[in-house]
**Q** 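There's a structure below that I have some questions on.
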Amino acid sequence: MERMDLDITLDAGDQAALPTALRLTQGDGGAYRFLIRPSGRLLGRTGQARIVFTRPDSLQLGGTLEHSGGAYRYDVAGPELEVPGEVQAAVQWMDGDSRLSSARFSFFVQADLSRLPPAPAGEVSALQALVLRCEEALANLAGGIDEAALANYVRQGGDAVLREVSAERVTGAVWM
C-alpha cells in the first residue's frame, strides 16, 4: 500500500506544540507517513531522532525516525490512530544519548463511523440516542468545539433527549 506523505516543518526553538490542520481517520494507520523537516538551529543536522505520540487516552507510543533527503520519516503503524481526539507528537533530535532539542505538533484523529455497529432504522431507543449524541459531542469537543457551542447544543437538544430517556422504562440493565 502506498502511503500519503504528511509534511510537518518544526522549529526546535518553539516550545509550544504546533497545531496542524491534519484530520486523520481512526484505524488508517498504514495509510500515512510523517515527513518531519527541521528548521531553525537544527537545519542541516543528520543525527538520530525519535518521536512519541500521546493519544487522547494518555497512552504513549513511538519509534525512531529515519533520516532521508533533509527530512525525518515515520511510517504510521496503526496504534497511533486508534483513539479519536487530539494526538500530541513530540520529536527529539539526539546526538548519541544526549538530546539536542525537541519540538511538538498536534493533529486530530476523527472517529471511523464504520466501526460503530449500525442500528436498524427506527429502532434506536432514547437511551441509545443519548449515548450516541454524547459520544458525538465529546468527539467534537476534543476537535476544538468551544464550551459556548457545546452549552448551546445541550440547551437545544440535550434536554429533549433527557426527557425521552426518563419517560422510558429501564428494567435494571443498561446496554450499548
Side-chain angles (χ1 to χ4, degrees), residues 1-95 99-118 131-154 157:
M1 168 186 220
E2 189 163 330
R3 295 175 187 261
M4 177 187 296
D5 290 340
L6 305 170
D7 280 309
I8 307 285
T9 300
L10 293 176
D11 184 351
D14 289 342
Q15 294 304 311
L18 171 72
T20 67
L22 294 175
R23 294 184 72 83
L24 309 179
T25 301
Q26 177 185 18
D28 281 357
Y32 305 108
R33 171 183 297 130
F34 283 110
L35 293 177
I36 299 169
R37 300 180 193 284
S39 68
R41 66 187 177 117
L42 287 176
L43 193 60
R45 291 220 183 240
T46 59
Q48 295 179 333
R50 59 182 171 211
I51 189 166
V52 175
F53 296 93
T54 304
R55 299 186 327 191
D57 63 357
S58 298
L59 181 66
Q60 292 187 320
L61 336 133
T64 302
L65 297 168
E66 293 181 35
H67 188 261
S68 174
Y72 291 85
R73 186 179 72 209
Y74 180 81
D75 291 337
V76 179
E80 305 91 341
L81 304 180
E82 282 302 310
V83 178
E86 185 180 42
V87 175
Q88 296 284 325
V91 178
Q92 298 177 340
W93 285 272
M94 309 296 291
D95 184 10
R99 181 172 64 185
L100 296 173
S101 193
S102 62
R104 298 180 299 147
F105 67 97
S106 64
F107 60 93
F108 189 78
V109 175
Q110 58 193 11
D112 178 3
L113 299 181
S114 68
R115 289 183 168 202
L116 300 174
V131 168
L132 291 174
R133 290 178 81 180
C134 288
E135 287 174 346
E136 179 184 70
L138 286 173
N140 287 336
L141 182 62
I145 298 291
D146 63 302
E147 290 180 29
L150 181 61
N152 189 37
Y153 172 83
V154 170

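Note that the structure is a prediction, hence the values are computed from the model and not measured.
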**Q** If you measure from CG on Leu6 to CZ on Arg73, what distance do you get to the nearest 0.5 Å?
**A** 13.5 Å
**Q** Are Val76 and Leu24 side-chain neighbours, meaning at least one heavy-atom pair lies under 4.5 Å?
**A** no
**Q** From Thr25 OG1 over to Phe108 CZ, what is the distance, rounded to the nearest 0.5 angstrom?
**A**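 The distance works out to 10.5 Å.
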**Q** Got a second to check how far Asp5's CG is from Arg33's CZ, nearest 0.5 Å?
**A**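 Going from CG on Asp5 over to CZ on Arg33, the span is 5.0 Å.
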**Q** Are the side chain of Thr64 and the backbone N or O of Arg50 linked by a donor-acceptor pair below 3.5 Å?
**A**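 The answer is no, because no donor-acceptor pair under 3.5 Å joins these two groups.
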**Q** Please report the closest heavy-atom contact between Trp93 and Pro38, naming both atoms and the distance.
**A**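 Between these two residues, the closest heavy atoms are CZ2-CB, 3.9 Å.
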**Q** What pair of heavy atoms forms the shortest contact from Pro56 to Pro84, and how long is it?
**A** CG-O, 3.3 Å
**Q** Using the benzene-type ring in the case of Trp, are the ring centres of Phe107 and Tyr32 under 6.0 Å apart?
**A**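 Distance test on ring centres: not under 6.0 Å, no.
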**Q** Rounded to the nearest 0.5 Å, what separation is found between the CD1 atom of Ile51 and the CD atom of Gln92?
**A** 10.0 Å
**Q** Tell me whether Gln26 contacts the main-chain N or O of Glu82 through its side chain, where contact means a donor paired with an acceptor under 3.5 Å.
**A** yes
**Q** Report the C-alpha separation of Phe34 and Leu65 in whole Å, then their side-chain angles, then the decisive distance to 0.1 Å, and conclude whether the side-chain contact (heavy atoms from CB on, under 4.5 Å) test is met.
**A** CA-CA 9 Å; Phe34 283 110; Leu65 297 168; over 6 Å; no
**Q** Would you sort out whether Val91 and Ile8 count as a side-chain contact (heavy atoms from CB on, under 4.5 Å), showing the intermediate values?
**A** CA-CA 11 Å; Val91 178; Ile8 307 285; over 6 Å; no
**Q** Could you report the tightest heavy-atom contact between Gln60 and Val52, atom names first, then the distance?
**A**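 Closest approach of Gln60 to Val52: CB-CG1, 4.1 Å.
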**Q** What's the shortest heavy-atom distance between Leu35 and Ala71, and which atoms?
**A** CB-CB, 4.5 Å
**Q** Within this structure, what is the CD-CG distance for the pair Gln110 and Leu22, rounded to the nearest 0.5 Å?
**A** 11.0 Å
**Q** Distance check, rounded to the nearest 0.5 Å: Asp28 atom CG versus Asp112 atom CG?
**A**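 Here the interatomic distance stands at 7.0 Å.
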**Q** Looking at residues at least two apart in the chain, or sitting in another chain, which of them share a salt bridge (charged side-chain N to carboxylate O under 4.0 Å, His left out) with Arg55?
**A**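 So Arg55 forms a salt bridge (charged side-chain N to carboxylate O under 4.0 Å, His left out) with Asp57.
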**Q** Would you please name every residue forming a salt bridge (charged side-chain N to carboxylate O under 4.0 Å, His left out) with Arg37, sequence neighbours left out?
**A**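 In terms of salt bridge (charged side-chain N to carboxylate O under 4.0 Å, His left out), with neighbours along the sequence ignored, Arg37 is linked to Asp7.
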**Q** Can you check whether Val87's main-chain N or O pairs, donor with acceptor, with Ser106's side chain at less than 3.5 Å?
**A** no
**Q** Side chains of Tyr74 and Glu80: does their closest heavy-atom pair fall under 4.5 Å?
**A** yes
